[in-house]
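In what follows, a structure is listed as structure tokens, so that the remarks can point back to it.
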Amino acid sequence: MAFISSGYNPEKPMENRITDIGPQHFTEFLQPVIKKNFGKWLYHEILEPGILKHVAESGDAVYTVRCGTARLMTVSHIREICDIADEWCDGYLRFTTRNNIEFMLEDEGKAKDLKKFLNSQKFPAGSLKFPVGGTGAGVTNIVHTQGWVHCHTPATDASGTVKATMDAVFDQFTDMKLPAPVRISMACCLNMCGAVHCSDIAILGIHRKPPIIDHKYLDNLCEIPLAVAACPTGAVRPSKVEVDGETYKTVAIKEERCMFCGNCYTMCPSLPLADKEGDGIALMVGGKVSNRMSKPAFSKVVVPFIPNNPPRWPEMTDVITRILNAYSEGANKYERLGDWATRIGWERFFEVCDLEFTEHLIDDFRDPAYYTWRQTTQFKW
Amino acid sequence: MAFISSGYNPEKPMENRITDIGPQHFTEFLQPVIKKNFGKWLYHEILEPGILKHVAESGDAVYTVRCGTARLMTVSHIREICDIADEWCDGYLRFTTRNNIEFMLEDEGKAKDLKKFLNSQKFPAGSLKFPVGGTGAGVTNIVHTQGWVHCHTPATDASGTVKATMDAVFDQFTDMKLPAPVRISMACCLNMCGAVHCSDIAILGIHRKPPIIDHKYLDNLCEIPLAVAACPTGAVRPSKVEVDGETYKTVAIKEERCMFCGNCYTMCPSLPLADKEGDGIALMVGGKVSNRMSKPAFSKVVVPFIPNNPPRWPEMTDVITRILNAYSEGANKYERLGDWATRIGWERFFEVCDLEFTEHLIDDFRDPAYYTWRQTTQFKW
Amino acid sequence: MAKHKTPLLDQLESGPWPSFVSDIKQEAESRAKNEKGLDYQIPADCPEDLLGVLELSFSDGETHWKHGGIVGVFGYGGGVIGRYCDQPEQFPGVAHFHTIRVAQPAGKFYTTKFLRDICDLWELRGSGLTNMHGATGDIVLLGTQTPQLEEIFFELTHNLNNDLGGSGSNLRTPAACMGKSRCEYACYDSQELCYNLTQEYQDELHRPAFPYKFKFKFDACPNGCVAAIARSDLSFLGTWRDNIRVDQEAVAAYVGGEIAPNAGAHAGRDWGKFDIVKEVVDLCPSKAISYEDGKLAINDKECVRCMHCINTMPRALRIGEDTGCSILCGAKAPILDGPQMGSLLVPFIEVNKDDDYQAIKDVVEGVWDWWMEEGKNRERIGETMKRLGFAALAKAAGVPIDARQVQEPRHNPYIFWKAEEVEGGWERSIDDFRKRHQR
Amino acid sequence: MAKHKTPLLDQLESGPWPSFVSDIKQEAESRAKNEKGLDYQIPADCPEDLLGVLELSFSDGETHWKHGGIVGVFGYGGGVIGRYCDQPEQFPGVAHFHTIRVAQPAGKFYTTKFLRDICDLWELRGSGLTNMHGATGDIVLLGTQTPQLEEIFFELTHNLNNDLGGSGSNLRTPAACMGKSRCEYACYDSQELCYNLTQEYQDELHRPAFPYKFKFKFDACPNGCVAAIARSDLSFLGTWRDNIRVDQEAVAAYVGGEIAPNAGAHAGRDWGKFDIVKEVVDLCPSKAISYEDGKLAINDKECVRCMHCINTMPRALRIGEDTGCSILCGAKAPILDGPQMGSLLVPFIEVNKDDDYQAIKDVVEGVWDWWMEEGKNRERIGETMKRLGFAALAKAAGVPIDARQVQEPRHNPYIFWKAEEVEGGWERSIDDFRKRHQR
Ligand code: SRM
Ligand code: SRM
Ligand code: SRM
Ligand code: SRM
Ligand code: SF4
Ligand code: SF4
Ligand code: SF4
Ligand code: SF4
Ligand code: SF4
Ligand code: SF4
Ligand code: SF4
Ligand code: SF4
């Protein structure tokens with residue numbers, strides 16, 4: 001490999017340097033009809049799963065074909081997407097906030113043709129490249145994180161759990177037969193980059209073993225006070241330890257105080273948590289973000305632990321489909337998953353989803369825990 | 001005065017001693033029809049304000065006439081009550097959990113006569129001795145505390161504020177024209193012996209000046225560690241102070257951390273809080289206890305401070321009647337005050353009650369404060 | 001004529017509501033007259049001095065009572081609240097002014113005989129002033145002096161066959177709603193359970209052994225007339241497991257306007273004709289009721305037993321027959337960390353007098369043992385359970401974990417797993433780990 | 001043929017959903033073939049090594065990535081996440097594997113030209129793998145080595161006219177919903193405001209000066225399509241102050257079944273005929289809607305602008321015309337103290353491009369100044385406001401106190417009064433007090 005210079009001169013880093021320009025202005029990227037009718041849209045229709053029609057005050061209409069992606073995508077794949085956009089959409093496209101691709105066209109017939117075309121594109125091993133769907137009252141793409149593909153703190157994989165889940169709920173992606181939209185999110189550790197704290201269904205990687213302490217190296221690699229300060233439960237304290245006859249400055253961990261958040265590990269690489277048997281998945285449900293009818297709500301933990309069972313995490317997808325089915329049968333039209341569970345009562349939720357309620361599902365973290373306990377005699381048998 | 005011995009022998013305290021006998025069994029005190037139909041009641045009716053009729057499976061009926069009291073009552077007054085019970089009710093009566101008296105009769109006509117009689121009894125200066133009412137959808141007697149009559153920590157008086165309030169809402173005691181019962185409670189300091197933390201309307205005495213420290217005497221009168229531990233905000237710490245050339249072990253108080261709860265004073269008489277200008281009343285509303293329709297709920301502070309203005313606290317009774325009127329006009333039948341405020345929104349509550357919303361009404365005490373802030377864009381103009 | 005001028009208090013003699021000022025004045029007068037020729041054991045003019053010191057507070061806006069010293073009766077750690085005036089020279093009659101808490105009978109039913117005995121005792125040996133009743137439920141005798149305490153106790157126990165109530169870090173005097181005595185909603189005998197537990201735990205009531213105070217209250221149904229859910233460390237609320245009993249004829253009578261809804265509780269205003277759909281069906285919190293073709297149907301599996309429909313149509317609807325109580329734990333006033341309602345610990349327990357309520361006592365004692373072990377000084381059980389977690393309490397109480405104990409599951413994933421729950425345990429070696437993961 | 005056997009990953013090639021494994025394999029193949037004859041600046045086989053290390057994780061259940069060192073481009077404190085493999089000998093292609101966050105255009109609209117340029121750059125200088133997009137909103141370029149960082153930055157800024165995104169204790173890359181570009185519900189131009197603030201605060205975005213990370217997100221209406229209220233320290237949600245516009249003819253068309261409710265979002269199941277009372281009137285959270293005689297009436301004063309009726313009948317109902325946004329503060333994931341949604345700080349503010357959004361910037365800067373002054377290290381603003389109180393934040397932001405900021409007033413009476421608010425102040429002498437009150 002020969003180093004190819006971009007023009008950057010390491011000797012004079014400030015030479016020709018361009019900084020602080022931010023992204024380009026979004027209007028550079030707007031499809032012409034979109035640009036023309038900017039701020040003048042009148043209404044929309046979902047013509048069929050994955051196809052939206054937006055009509056402007058001018059009478060103009062734009063047809064959007066939405067399709068799923070794996071988010072983790074290669075430049076080969078992006079180029080293929082560009083080819084399609086060039087051929088069908090004059091070189092314009094967009095990504096949604098949930099990592100779907102939207103192709104915008106001006107002709108309804110062409111939009112429907114594009115949907116057919118997209119649905120016919122497959123990877124050699126058989127999975128679809130561009131499944132159309134994700135609109136209306138169904139499941140759309142999963143917001144997720146890095147997992148074992150790129151992060152140092154995950155308790156599970158992201159891309160793998162997401163692929164397994166989307167395969168399992170694929171029908172709900174292409175149809176619109178649920179009572180309301182169901183948003184699934186995934187985060188591979190308690191940092192929750194996937195912001196699973198407010199999703200209808202959330203897949204969350206969790207650790208269950210306290211950090212192992214790499215005493216010999218800790219003081220070299222970490223700022224002990226930062227590691228101590230990082231622990232929300234005060235489980236970490238400075239300490240000295242003798243290993244092989246030598247004394248090391250290090251930390252000690254009150255293991256019974258640990259709730260496996262990994263914060264200390266974020267600050268200190270000598271405190272790894274990962275463990276094949278300890279790590280796995282918690283499932284949370286009933287969060288939402290929109291202000292429609294009910295207020296935004298947090299997700300609640302309903303399954304405290306499912307072991308990692310790659311590549312397809314069948315125990316996990318089994319529970320997810322069970323919850324989706326129970327919701328689909330029980331909820332009213334327009335009713336989000338959490339609103340349904342609240343209406344029927346969480347005691348009933350566990351019954352109809354055939355889930356076990358265990359002590360781990362009762363909040364015991366800090367004062368606000370109290371607000372999740374039941375302070376009434378109102379409950380169901 | 002000559003000491004009259006009861007028979008107790010101070011030399012031999014254990015002689016003849018009877019202990020741990022508790023109260024008498026309640027059946028000793030039950031009126032015969034009550035006793036006969038115990039556990040066999042079928043239904044009840046409120047014949048008119050203050051008169052209840054309970055019908056048993058046997059067909060028996062008992063008529064109860066309920067009347068208000070000042071709670072702080074003398075033996076003369078109790079004897080007068082006994083006279084009435086002897087004359088009308090074969091020597092039986094009861095007190096309610098809200099300090100009303102109930103006279104039970106077996107004849108409807110006599111019950112109505114008794115009501116008339118009770119309503120005609122007055123103290124020489126004009127107030128009624130036994131106003132009949134307190135049933136159904138109205139205001140009943142106020143649960144309250146000691147105030148300046150007997151306690152060392154009050155920030156206001158109890159009997160006085162209660163008398164002023166009951167005079168102001170007297171119509172609501174004798175009629176049943178509110179949407180639902182309205183329970184008023186009174187507590188003269190943050191200890192809240194009146195349990196005002198869950199009342200439709202709560203009158204609460206509050207201090208607003210940090211304790212004065214009686215440095216010279218503190219160490220003699222108090223256990224310093226207990227006083228330090230008592231403070232929920234950690235405002236109190238051990239300290240030494242020089243007064244008049246002598247050094248005293250005492251405490252220091254971080255005044256800006258004080259929220260005037262009086263806990264330190266409970267533990268240590270050398271830390272008095274009482275102050276004419278500092279002390280006064282906060283009003284809270286919207287709490288409830290019953291599980292009917294909605295869950296039990298805490299009262300919320302809606303007026304952070306009203307100065308003590310004895311003997312009649314007119315500013316306080318003015319706000320109370322304003323709230324009652326707005327509630328009476330705005331609420332649905334069966335709807336408790338807090339449920340009404342929640343339904344219309346607290347922003348609207350302040351508008352219709354013509355109350356000012358100030359920063360002091362925004363919770364800033366500990367983590368749960370967050371749950372009272374608004375985490376949605378849903379609000380009213 | 002009065003010993004002290006009380007211009008401010010005098011203003012509280014007007015207005016319709018019973019005036020405590022007028023009442024105290026009448027007592028003062030009665031003691032001054034002393035028609036019975038009693039040899040008052042504490043100053044005869046103490047009611048006047050009480051008015052005097054109160055008037056002083058009304059004018060200077062501050063209390064004039066000091067902390068009580070440790071006063072009480074031999075062998076008991078509670079029942080008396082010591083109290084001293086901070087202006088004893090000005091108000092000698094109330095210089096010492098202790099209160100006595102007398103255990104009230106469950107449900108507060110009385111004979112005049114009993115009350116008159118109390119009055120006689122208190123006129124002679126106390127101020128003649130009382131609270132009927134204290135906020136916890138006791139008969140509160142307001143103001144006496146130390147030498148009278150044992151005398152009063154002796155007379156109470158020997159002549160009135162009655163004990164003192166609680167104070168201090170004890171079990172406090174339990175209280176019950178009137179329950180089965182006169183209420184058709186009673187799901188269990190709140191008075192009997194109250195009486196039984198009060199007797200069973202006399203030792204805990206009289207001798208401080210707890211970290212702090214502890215209260216029991218007994219409501220025989222979810223209406224909560226003794227406010228148990230808000231005001232007692234353990235709250236016993238009646239409920240049922242089977243179906244609400246419906247009398248369709250009576251339903252028709254309500255719909256037809258023959259019976260006033262809610263037993264006539266709203267008679268003071270014209271709310272229009274009773275509308276069963278609007279007033280009952282639509283207001284059911286769990287939407288368990290339907291009304292079609294003149295028939296009311298309740299889906300009892302969905303009912304949360306809130307009492308609304310029953311309260312509204314007491315002649316048509318009755319509580320179920322498979323009754324018992326729910327136990328909630330931890331209610332208290334806001335000191336120190338904010339107010340708490342009771343949290344549902346036991347969704348349902350039978351209230352069984354035949355075995356002396358053993359199942360209930362097991363729960364009570366489990367809770368106490370744990371609290372006495374774990375609770376800090378001056379920490380209410382509600383605070384202990386917040387600090388150590390609901391599951392720890394449930395375990396201590398021997399109560400199985402149940403989804404009904406929560407309003408909703410936890411929002412955070414901060415689960416405190418234990419080593420024995422995790423495959424392979426927690427023992428791991430960094431060297432093994434480093435075989436798989438280089439530094 | 002593949003460098004590593006990946007039997008577990010291979011199982012993820014089946015099933016309908018797009019397989020990232022198949023995609024990575026296609027990239028591996030393309031790089032192996034290298035038809036364009038590129039001189040790959042990082043190992044050509046890095047996609048294969050990525051599959052290899054991932055397969056290892058799939059089989060041993062643990063990640064094989066180490067903490068990143070401090071890598072980045074000169075003068076910036078963010079935009080690059082350093083990452084190293086803990087088995088570099090086995091997987092040399094990914095031994096160093098840093099990600100680059102590239103600022104995405106507001107609303108994520110693209111031309112293929114721009115995307116192809118990114119692809120060319122990343123094929124040459126990176127792994128060829130990306131995330132479209134990261135959870136914050138960036139284009140995430142997945143995997144390159146340290147020497148390439150400045151080169152990539154140079155090409156990005158010079159050739160693509162685009163900057164890096166945020167990471168570290170900076171302002172993070174702001175994100176917006178598609179808003180006015182294609183949505184009839186947009187109450188303000190979320191993309192323009194996002195763009196403007198991003199440009200205004202480039203310094204805060206690139207140079208860490210905050211206690212911790214800080215996120216902006218812009219939703220042009222309360223539907224919240226970019227999840228601002230849950231995922232940004234300051235959330236800007238569109239709203240309006242006047243009336244919902246009603247087209248009664250279109251209402252009739254919905255009722256008549258001519259237009260599918262909710263734009264057809266429920267077409268996959270037969271939910272029966274549209275019932276305007278059940279589906280709209282009854283579901284309005286503030287019961288502000290009535291439907292009588294074929295006319296829909298909205299009591300706009302009671303409307304809380306939840307969007308439900310508009311979402312359900314987009315052709316009949318439109319948002320108001322006096323539009324702007326609400327600003328909420330403090331949303332974050334649960335680390336450390338539990339999750340937070342944004343709390344309503346500014347009920348309504350005009351979104352005024354004419355004065356360059358000055359009013360909004362005043363709020364932003366007030367919040368920042370306070371947080372930089374008061375915030376502890378690694379404390380999100382949501383935690384600071386919890387610690388110091390909402391009123392302190394409002395004051396710092398220059399926002400008046402308003403009942404709309406709370407869901408309900410405080411439950412505890414623990415008000416921190418200040419000396420200057422209390423008549424007579426706090427200075428008192430114990431001697432004066434003792435004149436009134438003896439010890
Ligand atoms: C790349 C990304 C996940 C993804 O796959 O999309 C990501 C990846 C990381 N996040 Fe994140 N976060 C990402 C969006 C988020 C979000 C979602 C959002 O912004 O909407 C959140 C939740 C919202 C929030 O901010 O609270 C999030 C909450 C965290 C946290 C917890 C912060 C907290 O205050 O609660 C951490 C821990 C930390 O900062 O130490 C964290 C830390 C990390 C680090 C830097 C790990 C670390 O401790 O050093 C991860 C680097 C992974 C890697 O190797 O590339 N990340 N992180 C997302 C950024 C991509 C982008 O720029 O578009
Ligand atoms: C006598 C008393 C019980 C006792 O053991 O002393 C009692 C008696 C009755 N209550 Fe009560 N309640 C009594 C205190 C309470 C309390 C406690 C309190 O106020 O501190 C509550 C809880 C209040 C709260 O939620 O804040 C209480 C909440 C109810 C309710 C629920 C009302 C609601 O709308 O939420 C009912 C049902 C009803 O009113 O139909 C009820 C119903 C009843 C009935 C109808 C029960 C019956 O069938 O006889 C009784 C007559 C009601 C009436 O006065 O209209 N009772 N009731 C108490 C009278 C207090 C007084 O003097 O005014
Ligand atoms: C007499 C009574 C008020 C009344 O006028 O009725 C009362 C009076 C006092 N209470 Fe109370 N409490 C009384 C019922 C209550 C209640 C209501 C209840 O029991 O339903 C509560 C709220 C419920 C609860 O327990 O939380 C109550 C919560 C407190 C507290 C705060 C305790 C807490 O944990 O939050 C204190 C402070 C303390 O214990 O240090 C307190 C302390 C006190 C003291 C002993 C003052 C002290 O700090 O030493 C008061 C003595 C006053 C006096 O001079 O007589 N009192 N106290 C009530 C007892 C009468 C009775 O036995 O029937
Ligand atoms: C394209 C996208 C915005 C973007 O800038 O990329 C978008 C587009 C639309 N959203 Fe959204 N929403 C988008 C993410 C969201 C999110 C964010 C998320 O899921 O993380 C939410 C909040 C979800 C939540 O509450 O947890 C969201 C909550 C809504 C709602 C409220 C739904 C509800 O029942 O609560 C509506 C109203 C509706 O569906 O009628 C809505 C409505 C719409 C409309 C109808 C707006 C319009 O008039 O065009 C768009 C088509 C909806 C559809 O797909 O059926 N959009 N929408 C996002 C598509 C994501 C995807 O690929 O699936
Ligand atoms: S959620 Fe945790 S493991 Fe996953 S990308 Fe974020 S920080 Fe890394
Ligand atoms: S994992 Fe979290 S709780 Fe456990 S020691 Fe580390 S920082 Fe503390
Ligand atoms: S509320 Fe406070 S001042 Fe009043 S009686 Fe109770 S402890 Fe005393
Ligand atoms: S009054 Fe309360 S907050 Fe103030 S110093 Fe005393 S204990 Fe602390
Ligand atoms: S709590 Fe229930 S049972 Fe007891 S008196 Fe009240 S309504 Fe009757
Ligand atoms: S008791 Fe309450 S929940 Fe049960 S049916 Fe009646 S109204 Fe509904
Ligand atoms: S948030 Fe509102 S304005 Fe923005 S895309 Fe979603 S629906 Fe449209
Ligand atoms: S926007 Fe929501 S609150 Fe307003 S009228 Fe429509 S449904 Fe009701």
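Below, all heavy atoms of this structure are taken into account, side chains as well, without hydrogens, waters or symmetry copies. Small disclaimer: the values here were computed from a predicted structure and weren't measured. Reminder, nothing fancy here: chain letters follow the sequence lines and each chain counts from 1.
Heavy atoms of B:Leu273 lying under 4.5 Å from chain D belong exclusively to its backbone. Residue D:Met307: no heavy atom, backbone or side chain, is found under 4.5 Å from chain B. Proximity to chain D (any heavy atom under 4.5 Å) is restricted, for B:Pro269, to the backbone atoms N, CA, C and O. With a 4.5 Å cut-off on non-hydrogen atoms, B:Glu255 touches chain D through its backbone and its side chain both. With a 4.5 Å cut-off on non-hydrogen atoms, B:Thr376 touches chain D through its backbone and its side chain both. Using a 4.5 Å cut-off between heavy atoms, D:Pro347 touches chain B through backbone and side chain atoms alike. Only the backbone of B:Ser299 comes within contact range of chain D, with at least one heavy atom under 4.5 Å from a heavy atom of that chain. If you measure heavy-atom distances from B:Ile362 to chain D, the contacts under 4.5 Å come from both the backbone and the side chain.
Counted by atom type alone, B:Gln375 and D:Ser343 present one or more donor-acceptor pairs between their side chains at under 3.5 Å.
Using a 4.5 Å cut-off between non-hydrogen atoms, the part of residues 326-337 of chain D that approaches chain B consists of D:Ser326, D:Leu328, D:Asp337. Residues of residues 424-439 of chain D lying within less than 4.5 angstrom of chain B, judged on heavy atoms, are D:Gly424, D:Gly425, D:Trp426, D:Arg428, D:Ser429, D:Ile430, D:Phe433, D:Arg434, D:Arg439 in numerical order.
For the set D:Lys301, D:Gln340, D:Lys418, the entry with the most heavy-atom pairs within less than 4.5 Å of chain B is D:Lys301. Chain D forms more heavy-atom pairs under 4.5 Å with one residue of B:Glu356, B:Glu359, B:Lys209 than with any other, namely B:Lys209. No other option in B:His215, B:Met284, B:Arg257, B:Arg343 has as many heavy-atom pairs under 4.5 Å with chain D as B:Arg257. Ranked by non-hydrogen atom pairs under 4.5 Å with chain D, the options B:Arg366, B:Glu347, B:Glu256 are led by B:Glu347. Most heavy-atom pairs under 4.5 Å with chain B, from the set D:Asn412, D:Leu388, D:Leu345, D:Thr239: that is D:Asn412.
Between the side chain of D:Arg410 and the backbone N or O of B:Asp363, no donor-acceptor pair lies under 3.5 Å. A donor-acceptor distance shorter than 3.5 angstrom exists from the side chain of B:Tyr370 to the backbone of D:Met341, with no hydrogens or angles considered.
Taking 4.0 Å as the cut-off between side-chain N and carboxylate O, D:Glu302 and B:Arg348 count as a salt-bridged pair. Between B:Arg208 and D:Glu421 no salt bridge is recorded (no basic side-chain N to carboxylate O distance below 4.0 Å).
With contacts defined as side-chain heavy-atom distances shorter than 4.5 Å, the pair B:Trp373/D:Leu344 does not qualify. Contact check for D:Arg241 versus B:Trp381: side-chain heavy atoms found under the 4.5 Å cut-off. A 4.5 Å side-chain heavy-atom check between D:Pro409 and B:Phe350 finds at least one atom pair inside the cut-off.
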Please walk me through it: do D:Tyr414 and B:Phe260 pass side chain to side chain contact (heavy atoms under 4.5 Å, CB included)?
CA-CA 7 Å; D:Tyr414 297 160; B:Phe260 322 99; over 6 Å; no
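At most 12 heavy atoms of other shown residues, nucleotides or ligands fall within 6.0 angstrom of atom OH in B:Tyr217. In the displayed structure, B:Lys249 atom NZ is contacted under 6.0 Å by at most 12 heavy atoms of other residues, nucleotides or ligands.
A tilted orientation is assigned to the rings of B:Phe298 and D:His411, their planes being inclined by 30° to 60°. Ring orientation note: the planes of B:His360 and D:Trp417 are tilted relative to one another, at an angle of 30° to 60°.
The structure places CG of D:Asp402 at 8.5 Å from CZ of B:Arg374, a figure rounded to the nearest 0.5 Å. Summarising the geometry, atom CZ belonging to D:Phe390 is positioned 9.5 Å from atom OG1 belonging to B:Thr372; distances are rounded to the nearest 0.5 Å.
Between D:Ser286 and B:Lys380, the closest heavy-atom pair is CB-CE, 4.1 Å.
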